[in-house]
There are 2 protein chains.
Amino acid sequence: MPRPRQALLNRERIVETALALIDADGLGAFSTRRLAAALNVQGPSLYNHFATKDEILDAVADSVTASVDVGVFDRYDWAEALRRWARSYRAALAVHPNIVPYLAQGPGRRPAALAMADAVYGALVRAGWPPARATHIGAALRYFVAGSALGSFARGFVEDPELYAAHPHLTQAHRLRGHQRSVDEGAFTLGLDALLHGLAAEYARTVTPLERGTGPG
Amino acid sequence: MPRPRQALLNRERIVETALALIDADGLGAFSTRRLAAALNVQGPSLYNHFATKDEILDAVADSVTASVDVGVFDRYDWAEALRRWARSYRAALAVHPNIVPYLAQGPGRRPAALAMADAVYGALVRAGWPPARATHIGAALRYFVAGSALGSFARGFVEDPELYAAHPHLTQAHRLRGHQRSVDEGAFTLGLDALLHGLAAEYARTVTPLERGTGPG
DNA sequence: GCTCTTAAACTAGCGGTGTAAGTTTTAATC
DNA sequence: GATTAAAACTTACACCGCTAGTTTAAGAGC
């Protein structure tokens with residue numbers, strides 16, 4: 001087939017289909033040839049729109065990041081904004097867990113990821129946190145969110161009671177998978193509350209009223 | 001070459017060499033043929049000792065997990081033990097960051113990972129935490145440690161000042177890579193302190209003195 | 001309207017991947 | 001000493017990311 005009258009591909013369609021494939025079959029099973037087949041096209045045609053496979057994955061990762069609500073930093077004080085951002089971030093990743101290992105490598109050159117980093121860091125500095133501390137806080141929360149989305153804790157345990165026979169405290173571990181949602185959600189809420197509790201204590205201790213900003217916006 | 005008088009391979013040598021290769025060149029560049037070449041052997045010979053590539057990676061991941069100190073749960077109260085375990089865990093992963101994405105998928109059937117889960121959970125229950133809560137705490141800390149080791153936060157930012165020109169708060173982001181160690185360490189310490197601070201508060205609030213265990217051991 | 005350039009599909013092919021199958025020879029066991 | 005199992009091998013398959021070169025349609029400039 002030569003160049004068709006109507007272009008068969010565009011970046012948006014490629015990214016959408018790639019995300020659907022990754023969601024369905026995982027990063028390991030994702031290949032340019034399978035992606036092309038899903039788009040009714042031959043493999044190399046994708047390279048008219050993206051230079052490399054990684055560039056496709058970058059676009060997929062950024063489309064996921066773009067669904068995180070960073071507007072919270074304009075509407076809430078730093079602590080409440082952090083809480084809502086973390087929940088929104090995790091929710092976005094939880095819908096597409098298979099792309100998380102790729103996405104968690106860092107913002108790189110992905111625009112939505114950079115915009116998010118800018119919003120988080122800006123809000124913390126505006127609230128009076130010292131710049132180095134703001135960096136640490138953003139990083140610590142990203143660690144926690146990425147870790148929580150990376151692998152479901154509960155799903156990491158095989159559903160095979162015999163496996164745990166040798167471990168006196170894991171006799172019920174095989175049932176974790178069945179309660180995956182509540183285990184993961186409970187652990188995330190616990191950790192987020194604890195983190196924010198600790199941060200609030202440090203804020204009260206180290207950021208003087210004069211340094212505290214003028215609120216959101 | 002037929003069967004040699006002295007076996008060229010054994011599981012230990014394979015795992016050691018695989019870890020060295022992964023450390024040096026990353027998971028993406030790791031292949032059975034490259035591993036075999038490093039062992040002066042043809043690719044398929046590995047399959048006399050491991051059934052699949054994943055089985056090799058499992059063994060590599062478990063050898064890293066095995067270097068985490070879980071003895072702390074016998075020597076310290078739950079909070080101090082958690083702190084030391086988290087530091088030991090992160091230190092073990094930080095030496096071999098390239099295997100972390102694989103390892104972070106969960107314990108699966110890897111013995112050292114299961115032993116670690118058993119030790120953490122057992123110590124928390126012994127200290128009086130309700131079983132469900134103990135699961136959440138273990139999971140939350142694993143989220144944090146795995147996230148912190150998965151990708152260096154600082155390394156995720158490209159060293160290209162122009163990239164950040166459009167983001168008002170990221171004008172110094174290109175310098176993060178240069179302070180990678182202190183940024184990552186600072187963020188980890190901040191997060192760990194905050195998490196443990198929050199957990200101690202909940203312990204004081206919800207675990208009655210009667211429920212509290214008899215200490216370590 | 002003709003020409004030129006670019007775009008978007010194609011086919012063919014390179015060097016690499018995991019791993020299955022079958023072969024050969026040695027070591028270990030009865 | 002015969003049998004069996006182990007541990008290397010070679011060959012081969014189907015797939016991978018990607019490059020190169022080809023074909024034709026679409027769009028721009030005169």
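Everything quoted here is computed from the prediction, not taken from an experiment. Naming: A, B, ... by sequence-line order, numbering from 1 per chain.
- Judged as a side-chain hydrogen bond (donor to acceptor under 3.5 Å, both in side chains), and not counting sequence neighbours, B:Asp62 has no contacts.
- In this structure, A:Ile56 atom CD1 and D:dC16 atom P are separated by 13 Å, rounded to whole Å.
- Using cut-offs of 30° and 60° on the angle between ring planes, the pair A:Phe188 and A:Phe144 is parallel.
- Considering only side-chain N and O atoms, B:Ser45 lies nowhere under 4.0 angstrom from the phosphate OP1 or OP2 of D:dA7.
- Partners of B:Glu12 by salt bridge (Lys or Arg N to Asp or Glu O under 4.0 Å), not counting sequence neighbours: none found.
- As rounded to whole Å, 15 Å separates atom C1' of D:dT10 from atom CG of B:Leu46.
- Rounded to a whole Å, the CG atom of B:Leu39 is 14 Å from the C1' atom of D:dA7.
- Under 3.5 Å, the side chain of A:Asn48 and the base of C:dA9 form at least one donor-acceptor pair of N or O atoms.
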Please list each protein N or O that sits under 3.5 Å from an N or O in nucleotides 17-19 of chain D, with the distance.
residue	atom	partner	partner atom	Å
D:dG17	OP1	A:Thr32	N	3.1
D:dG17	OP1	A:Lys53	NZ	3.1
D:dG17	OP2	A:Thr32	N	2.8
D:dG17	OP2	A:Thr32	OG1	2.6
D:dG17	N7	A:Arg33	NH1	2.3
D:dG17	O6	A:Arg33	NH1	3.4
D:dG17	O6	A:Arg33	NH2	3.0
D:dC18	OP2	A:Tyr47	OH	2.6
D:dC18	OP2	A:Lys53	N	2.7
D:dC18	O5'	A:Tyr47	OH	3.4

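- Atom pair A:Gln42:CD and C:dC10:P shows a separation of 5 Å (rounding to whole Å applied).
- Rounding to the nearest 0.5 Å gives a distance of 10.0 Å between CZ of A:Arg110 and OG of A:Ser63.
- Rounded to a whole Å, the CZ atom of A:Arg11 is 14 Å from the P atom of C:dA7.
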Practice problem: Starting from the C-alpha separation in whole Å, work towards a yes-or-no answer on salt bridge (charged side-chain N to carboxylate O under 4.0 Å, His left out) for A:Asp69 and A:Arg75. | Solution: CA-CA 11 Å; A:Asp69 181 9; A:Arg75 299 196 298 271; 3.3 Å; yes

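- OP1 or OP2 of C:dA9 lies within a sub-4.0 Å distance of a side-chain N or O belonging to A:His49.
- In this pair, A:Tyr143 and B:Phe153 present their aromatic rings perpendicular. The plane angle is above 60°, beyond the 30 to 60° band.
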